Structures are given as structure tokens and as C-alpha cells.
Amino acid sequence: MSVAIPPKGQGPLAKREARLAWSLLLPTITIVSLVVILPLLSIFWISFKPIGLADLRPPAPVLRESLRGSGDQMRIEYRLRNSSQDVEITDVTIRDAWPEGLIVTGDLPAGCVLDGREFTCDLGTLEPGYNERLSVPVMLADGVDQDAAEDAAEGTEPEVRGEADSILTNSEFTLDNFARVFDGDEFWTVMWVTLFYTVVGTIGALLFGLFAALLLNKSFRGQGILRGLYLFPYVAPVIAVAFTWVNLFDPFSGSANALLLQMGVTNEAINFFGQRPLALIMVTVFEIWRYFPLSFLFILARMQSIDTDMYEAADMDGASPFQKFWYLSLPMLLGILSVLFLLRFIWTFNKFDDIFLLTGGNAGTRTLTVNVYEQAFAISNIGAGAAVAVIIFGCLLAFSFFFFRFISREEGL
Amino acid sequence: MSFLRFGYVTGPIIGALWLFILATTVSITMSFATGDPFRPALIVSLILGAVSGLLAALEQEKRIKIAIIAVLVFALTLVGFGPIVMESNSVSEGVAAVGLALVMGWSMNAIMNEVPLGPLTRHEMEEAWIRFLTGFGYIFFTAIVLIPFYVMVMTSLKSQSALLQNPLDFSLEIDKGWALFRSYHELFRDFNFGTYMWTSFYVSVLTVFITLAFSIPGAYAVARLRFRGQKAFSRSILLIYMVPMIVLALPIYIAFSVTGLRNTVIGIILIYPVTTIPVALYMLQGYFRGLPAEVEEAGLMDGLNRLQVIWKITLPLALPALASVSLYVFMIAWNEFLLAFMLLDDPSKFTLTRGVAMLNSSEIPREHLMAGAVIATVPVMVLFLGLEKFMTKGLTAGSVKG
């Protein structure tokens, strides 16, 4: 008699389940790695490359064909140019089909062969900035109309090929990008702005959200309407609300300034988004305004799930409203508050569009994310932009380390 | 804070602050409504408010107290020594004075409800302060949310020159009739906004479908099936969710430039779902976890295979979650700006947000920009308000993305 022992390892059912799980996940994994992991890797690659916006188009030979002159002086002319001023192109070949009725009267340019109507050239290497004409003297055969021949010659596109070293794929590396990014006071200014924006924006949004949740954590008529209303800033497209704010706080035609002037708070118009410290404070206020609804929603949901028995017991013991808030509600909310803090911290840190639309990163509001755009597109230095992106990613990894240490406890993820 | 525990201390302090808040609120409201100068008078507000607070703490019939405070505020305002200083026509001045007086009389008594003049218990004092803070909170949040949207809508209906003359005058010239909507008309006629709206709409809808197609199986696998790496997987969903868009936008821009996908709607449709799939995965897996596994096991016992279980049991049960995820994804896609801004240059292919960004130039009048903002906002607002319950549930179910 054999003794029944529990099976060890994975049984066939478990294996089948795991296989199904992977096959269900496969499409997602593929697409996410294609669009998230791959770009992340390429960001690292690019950050070590001396590459500008103009280098995105690899250097290529550019060719234009035309039939010029008339009568005996006719010639087919090819204008050939190297699109890059500092990279050479090798193995350049031209291939073109000539129209019928053209007779070559002179010498072909060096390296070119005419076989029937097939015209081919092998030109070897083009120097950087190469720009020359190749011309073939020709005449028309009898009975061929010149206009028709011109149309035919210029109608067929000549084919040109060449190989060039693209900066994206060659093995040239540099640390210049990082040196440039870390260079000088600018980097520390950017870091300080980012830190201020993130910390104040996150805490502000949490506090306002908590306040709003306390207001709506009771049932009365119109509660639903108010809740919907308070979510407006979060739901509306960022572009609409950002431009509205710019409009509202415009120094010349903004209503906010008019109101402040009229109430005698200030004597002259304030340029809210245009002067240092104020611009940074304003973008932070905008961030708080736009995202307090989110914290409000989460805190309210948590509040409504707190057991009311606890409050009844506290009432019996004679606890005052503030005591109930401080000793009962707040400890119960601490979990969701810390999760919200960490998540909002990371997402505020990552925020780009808001500041970009409000100030464009001017007047001392350039955060790290705006700096990526500035470096890559405004200064046209893609490499430096990528270097900033790598720094952001590094910070992010550090944050998510903290995040998972806390979140694992709070949410059981 | 023990000195606060007397009705004759707490009452006047709350009253002074409250009247100043109300005076400011009424001034701002009336300024925005009429364009004429209305201004809260700080000193008068504080003194008169303190007096009202004291009156409200008296032991008297409630209606009498309301009447006394209201008459006091109203009379002083009309004489010109009231909490609001104003220069306007008599109608709006009257409205402001009556409104302020009635609201003050009523709310002051509500705040000081059953608060005696003498010593207070801790409960009485705290409750008075909480009622004061609650009132302030409602006014404050409603104001900060409504004012920008009010300005947005009203600016779109006025001409820029009129607003330059008096930036506060949002009064509409009703007699202009349909001409009020001139900037909307021009946006649709000259700036192709009809096309942009359609592009935004179908891009968003396609994004929703593609996102669901990818995230439903993925979320189900992570939530239900046991396999090695499941835990690491549900963490990495969150991690991916945290990668900033601008970091990805740069290589995507390069890749799209090289492959010729830049400046095409196809490229946008390819890239939007990827930004929303992690969100949808995160929300859906949370919901799937909450569904009872027994129902599915019963299905398995009855001879369905896993895919049939998902199709016939899980999905019908998860319909509310699917609805809220779809809504949320639609909202993200509709509001998306960064990628559209970087990847689209050709005005014939713009999405709505990209089209609005195009209006932000000094040559195009402000009212067009604001009209564009309204056009972009209204559909998503309508959708949201109509389905608000789904939305709030779905948001709190898992996602916190901003």
C-alpha cells in the first residue's frame, strides 16, 4: 500500500492557470514595454549622445533634376547636395530613367553610365556641405517636342541613395549633456523650484481636500450638486482652465487685478504670472486648486466608511467636536492621507502641462519636467533634455522605493 | 483659549469675521455681476459684525434678533456707513444692501444658535466655531470653483475691447441676441472646430475601446489567476503609472519623427491607449478582486472554461466598473494635451485641445480662446455631471492619477 502524500510543486492545473495568465497578460506586456520600457531605455541612450533637434533627420543626399537650355545647347542637369554640413555621405548612387528622344552629345560626368534609357552614377563619397551640378549635354532627336521632353525629364523622379553615419545609432558617447545640466546655479534653482512646487502643492491640495471633505461629510439637500461642482477643476481640460487663469490674472485686462484695484488692496496692477516669487506661488496655487478635488473625493469616501458607532461612543463619553475630529477621524484618515500624499507627491513632481501652459517655465517657475522641454525643444538640445529626463527618472525610482515601503502596509499591495 | 468660552467674546469675534467675509462675498458677486465698484469696508464690517454677534447671543425671540441685525445692516448700508461701499445704480445698490442684510441676519443667528451670552461649555463654543468655519468653507470653495468658470464663459461672450475698458463688466448685452455667440460661430466656421471636435471624439472613443481590450484580460489575470510574479506584476503596474509623460514624450517624438507617424491621427490613436492602459489596469484589477470568486468557480464547475467565465460571468458583473473606467479613460483622452501638442503640427489633424492651444496667440482675440476653452470643457462636463455617480465610484475604486 502506498501512503498518500500531498503533491509537491506545481500541479498540471496550476501550470495551466499560469499559462493562461501569461497569455492574457501578453498583449499588455508587449504594448507597454514597446511604449514605456523601450523609450525609457532610449532616453538613457540619448542622454549620452551629443544630439540636437536638427540631427533627428539623418543626413541624406538631395537631388533635383532639370532639362535646361534649348536647341544645341541643351543639357540635363542634376543638382546634388549633402543635407548635412558636418557629416559625409558614402556610397552615393543616382539612378534615373530618361525620356525617349534624347541624344547625348558630350561626355558623361565621371562615374556615370548610360545604358539605353537607364542612367546610373556611382559617385562615392560626398563631403559635408557638398553642393554641385552634374550636367550631361544632350540634344533632341527629330520630331520631339521640347516642352514634352522637359516634362518627361522632370516628371520621372531620379532615385538617389547614400549611406551616412546617423548620430542616433553610432558609437559616439559623451558626458557633456550631464555636465551641461548640472552646470552652474541653474540646476539648483530648478531643483529648488521643483521641490517647492511639489511639497507645497501636495500638502496644500491635501489640506484643502480634507477641509472640503469635512464640509460635505453630512447629508443635506444640494450635497450632490456641491460635490459635483467641487470636482469641476479636476474634470475640466487643463488647457481650458490654465488659459482661463492666465486670462483672469492678466495684468492689463484681468478681472482679478481689476477687483484688487477696486477694493484698494493694491495700487497698481500685479503681474501674477510674470514676476519672481509670485509666479511660482501662483502656479502652486493653481496646482492646489486643480487637484484638491481628487484628495477631497478620496478622503470623503474614506470618511463615509468610518463606523458611526465610534462617534456615538465618543458622544456618550462627552467628547467635543474638535476632540472627535482629532482623536477619532484623523487617526482613521491617516492611512488614506499618507497614501494620497505619496501618490500626489510623485504626480505633482511629474506635472508638466500646468506650468508649461501658465508661464512656459518663465519667471522662476522652471521645474525639472519643464526643463526637459526647454532643453530639448527650446534650446534644441535633445541630449540635454534626455539627461534631465534621466535625472527625473532617478528621483522617481527613489520615491517609488519609499512608496512601496509605506503602501504595502497601507493598502496591502 | 479659555477666554473664548464666553458668549460675549466668541459672539463678537465670529460676528466681526463673518460680516467681513459676507461683505467681501457680496462685493465680489456684485462687482462681477454689474461691473460697478463695490468694496467691503474693513473697519465698519468688523465693528458692525461684532455688534451683530453680540446681539445674536442675546436671549431673545429668534425672529426679532434676525430683524434687528438685518435692519441695522440695511440702514447703515443705505446711509453710506455700512459694511459695503458702492457706487452703482440704485437697483443694484438696493439688491446688495438687502441681500447682505438678510443673509447676515439669518446666518449670524444660525451660527450663534443656542449660544448664550455668558459662560459657554466646550461643546457650545466649538459648535459655534464649526458652524462659522462651515459657512466660510462653503462660500470659499464655491467661489474659487465658480469664478474661473464664470469668467471663462462670460469672456467668450464679450468683445475684447469691452473687457479692456472694464475687466469686471461681464454684463451681457442681451439685445444682441444670437450675435452674442459670434466667437463660437467663427470658431466653427473659420477655425475648423467642428472637425477638431470630431477628431477628439473618435480618438477618445477608440482609445476607450483599445484600452478596455487590453486591460480587461490583463487586470483579470493579475486579480484572479495565480502565477509566479503576480505580486511583482501588480506593483509594476503602479510603477509604470508613475512614469512622467514628458520623459516618454521625448523618445516617442523621436521615434515618430523617424517613422513618419508624427503628425498623423493614427500615431495619436496608437499612443493614447498606452497612457491609459496602466490606469485602467489598476482600476479594474481592484474591482475584479472585489467580485466574489465563488460565482466564477461555480461557472467553472458547470463546464465553462476560463475565457467563457470572464465573458459570461465576470464582465456582466463588472459592468459598473467598466462604465466608470470607460468614462475616466474618455476624460483622460479628451483632455490630453501634451502629446497632441508635441506630435501634431498640421491644423487639419488637430484634436480639440491642440486646436485651443493654437488660439493662444496675440493675433487672435481673447474671446475666441475662451470660447475654445468652453467648447472643450462643455462635453466632458455634461458627460461627467450626467454620470457623476459612476465617476466618483470609479475614481475612488483605484485610481489617483492626475
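All of these numbers come straight from a predicted model, not from anything done at the bench. All chains are named by letter (A, B, ...) in the order of the sequence lines, taking the proteins before the strands, and each is independently numbered beginning at 1.
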Leading residue by heavy atom contact count with chain A [cutoff under 4.5 Å; candidates B:Val85, B:Leu352, B:Thr353, B:Val222]: B:Thr353

Atom of A:Asn247, atom of B:Met370 and distance for their closest heavy-atom approach: ND2-CG, 3.3 Å

Toward chain B, the part of A:Leu396 with a non-hydrogen atom under 4.5 Å: side chain

Any donor-acceptor N/O pair, A:Trp245 side chain to B:Pro148 backbone, under 3.5 Å: no

Portion of A:Leu229 that has a non-hydrogen atom of chain B nearer than 4.5 angstrom: both

Interchain contact, A:Leu38 with chain B, by part (heavy-atom threshold 4.5 Å): neither

Value rounded to 0.5 Å, distance of CZ in B:Phe214 from CG in A:Leu24: 13.0 Å

A:Gln262 side-chain N/O to B:Phe38 backbone N/O, donor-acceptor pair under 3.5 Å: yes

Exam field: side chain B:Tyr138 to backbone A:Leu215, donor-acceptor pair closer than 3.5 Å: yes

Mutual orientation of the aromatic rings belonging to A:Phe208 and B:Phe140 [parallel < 30°, tilted 30-60°, perpendicular > 60°]: tilted

Within the 6.0 Å centroid threshold, strictly below: A:Phe292 and B:Phe141: yes

Side chain, backbone, both or neither of B:Thr155 within contact of chain A (heavy atoms, under 4.5 Å): side chain

